[in-house]
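Residue numbers start at 1 and run along the sequence shown.
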Amino acid sequence: MDVMLILIRIALVGFICLFLASDGLACGPGKGYGKQRHPKKLKPLAYKQFIPNVAEKTLGASGKYEGKITRNSERFKDLTPNYNPDIIFKDEENTNADRLMTQRCKDKLNSLAISVMNQWPGVKLRVTEGWDEDGHHLEESLHYEGRAVDITTSDRDKSKYGMLSRLAVEAGFDWVNYESKAHIHCSVKAENSVAAKSGGCFPGSASVLLEDGRSKLVKELEVGDKVLAADIEGNVVSSDFLMFLDQDPVSRREFYVFETEKPNRKLRLTPAHLVFITNNVTDDDMTAVFASNVKPGQQVFVMDEAVDHLKAVTVERIYVEEYEGSYAPVTSQGTIIVDHVLASCYAVIEDHKWAHWAFAPVRLGHALMSFTGLVKKREDIRQRDGIHWYSDILYHIGTLLLDINSFHPLGMSQS
């Protein structure tokens, strides 16, 4: 077994003990840190409110429409029937069409059914509309893809619908809309869409700067490489590349592109990734925010190679492009200069400080390897593609202890 994995796992045991003792999530925003955590109180959605607060068919919600599914189409095999006895299907067409849906939609619906019974004993979840094959909805409705359902409670008590909406959000639907006095509309991302998995990554074609002045593609980084990053004071420093939190050389994803003009730079990263900005030309204080929250006119920190330091530069344009391959490198500093722009190594939760603290065991493992001279033995060991087990564990612990709204809507892939 890789010695590095053994050391990190030993460190992880200590981290979990500390984590449980403090009763807080290290990579979270620190809400309730050091205090006893009480069961959260759910707040019903207001009429016409939708979560997340973006349009349904956008990257931050359920993603773009991918085309109508008919019984004769190739994609019909992607729909699966839901025979959960704890869900009542209206099925007014008498074709079982309302029971057909994508697996993701089915999983979220089944989860919601349990929540409904727990919230109101004796009451079941009711589906009034699922997959639509008859054209009863507006053009490009996600009902045509089996990615949307309209729901009520079995007792049709409208006073429950605000809370039902909230339970749907908690169940993991990618977009929930209390759109009607008669029902709640819920939808999910496409199974294979670029929106279905985002996390925090850079495209493989992005480049980093090495300590010796050379540049290197992100996808070519190896343990032992020293890349340029920034310390807590914002000074440019050399930092060890530790591992990829996620690496996927094949899938295509959508990346936000931040373009500056003086100098001309383009930083490409996924919406859930953290990037450092400042809002004031006279203030160089760095704040880490989700890429999806950055607005034109705000400033990012660009590497000025002439004087070897970072300077704040205004973001002139923001747009979305699709690239093949995505990589999430992590360094000892927790920061990295990519395409000459400073970014955090972390994503999903909007708190760079706590995320960096959560990865202390990884840094400890690397330091021990360096001290014993074992790092060189790891240089020839290629990390497997996919999400690293450590970040995966942190994420799943977080989903158990934190409010779902603590996470970016396009966080790591959810099963």
Side-chain angles (χ1 to χ4, degrees), residues 28-29 31 39-65 101-102 104-116 118-120 125-130 137-138 141-143 145 147-153 158-190 193 195-199 254 270-272 289-293 295 347-351 395 398-415:
K31 183 178 180 181
K40 59 186 176 184
K41 184 176 181 180
L42 299 179
K43 181 179 180 181
L45 269 65
Y47 179 54
K48 294 296 183 180
Q49 182 182 1
F50 46 87
I51 293 179
N53 189 29
V54 295
E56 179 180 27
K57 288 172 284 189
T58 58
L59 185 63
S62 293
K64 64 183 180 180
Y65 175 72
M101 57 195 68
T102 63
R104 184 177 180 83
C105 187
K106 181 179 179 179
D107 292 342
K108 306 309 178 186
L109 197 67
N110 289 343
S111 177
L112 176 58
I114 296 173
S115 298
V116 168
N118 289 336
Q119 182 73 25
W120 302 292
L125 177 62
R126 175 172 174 259
V127 174
T128 62
E129 192 73 46
H137 291 82
L138 296 176
S141 168
L142 298 186
H143 282 287
E145 297 184 54
R147 293 165 51 195
V149 289
D150 293 337
I151 60 173
T152 71
T153 53
K158 293 180 173 56
S159 67
K160 293 185 173 75
Y161 291 178
M163 181 56 73
L164 177 62
S165 303
R166 172 57 64 184
L167 293 178
V169 173
E170 297 294 315
F173 278 97
D174 297 306
W175 198 70
V176 177
N177 183 9
Y178 188 176
E179 70 175 7
S180 166
K181 293 289 187 180
H183 68 263
I184 310 304
H185 177 82
C186 310
S187 62
V188 298
K189 305 179 192 304
S193 72
K197 177 189 175 191
S198 175
E254 290 184 350
T270 46
V289 299
F290 288 133
S292 59
N293 290 338
K295 303 292 187 295
V348 183
I349 292 182
E350 201 171 24
D351 196 309
Y395 176 77
T399 58
L400 295 175
L401 299 180
L402 287 180
D403 187 289
I404 192 171
N405 294 319
S406 300
F407 298 90
H408 192 280
L410 290 177
M412 293 165 63
S413 180
Q414 301 175 17
S415 59

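- Remark: Lys43 NZ is loosely packed, at most 12 non-hydrogen atoms of other residues, nucleotides or ligands lying under 6.0 Å away.
- Ring geometry, His185 versus Trp175: the interplanar angle exceeds 60°, so the pair is classed perpendicular (tilted spans 30 to 60°).
- Pairing each heavy atom of Ser62 with each of Ser187, the nearest pair is OG-OG, 2.8 Å.
- One finds the CG atom of Leu142 at 13.5 Å from the CE atom of Met101 (value rounded to the nearest 0.5 Å).
- The salt bridge (charged side-chain N to carboxylate O under 4.0 Å, His left out) search around Glu145 returns Arg75, Arg147, not counting sequence neighbours.
- Considering all non-hydrogen atoms of both residues, Val176 and Ser165 come closest at CG1-O, 3.5 Å.
- A heavy-atom distance below 4.5 Å is not found between the side chains of Lys108 and Val149.
- The shortest non-hydrogen separation linking Gln49 to Asn177 is O-OD1, 3.4 Å.
- Every residue two or more places apart in sequence or in another chain that forms a side-chain contact (heavy atoms from CB on, under 4.5 Å) with Ser111 is listed here: Ala171.
- Annotation: the span from Asp174 atom CG to Cys105 atom SG amounts to 9.5 Å, rounded to 0.5 Å.
- Contact record, Gly130 with Val127: N-CG1, 4.3 Å, taken as the closest heavy-atom pair.
- Residues passing the salt bridge (charged side-chain N to carboxylate O under 4.0 Å, His left out) test with Lys160, sequence neighbours excluded: Asp155, Asp157.
- Contact check for Phe173 versus Leu109: side-chain heavy atoms found under the 4.5 Å cut-off.
- No side-chain N or O of His183 forms a donor-acceptor pair with one of Glu129 less than 3.5 Å apart.
- Rounded to the nearest 0.5 Å, atoms NZ (Lys181) and NZ (Lys158) are 9.5 Å apart.
- Of the inter-residue distances, the one linking Ser115 atom OG with Met163 atom CE reads 11.0 Å to the nearest 0.5 angstrom.
- The CG atom of Leu164 sits 9.0 Å away from the OH atom of Tyr178 when rounded to the nearest 0.5 Å.
- Remark: side-chain polar atoms of Lys64 are not paired, donor with acceptor, to backbone N or O of Lys57 under 3.5 angstrom.
- Between atom CG of residue Asn110 and atom CG of residue Leu125 there is a gap of 9.0 Å, rounded to the nearest 0.5 Å.
- Shortest non-hydrogen contact noted between Ile151 and Thr128 is N-OG1, 4.3 Å.
- Using a 4.5 Å cut-off on side-chain heavy atoms (C-beta onward), Leu167 and Trp120 make contact.
- Across Ala168 and Leu112, no two heavy atoms sit closer than the pair N-CD1, 3.6 Å.
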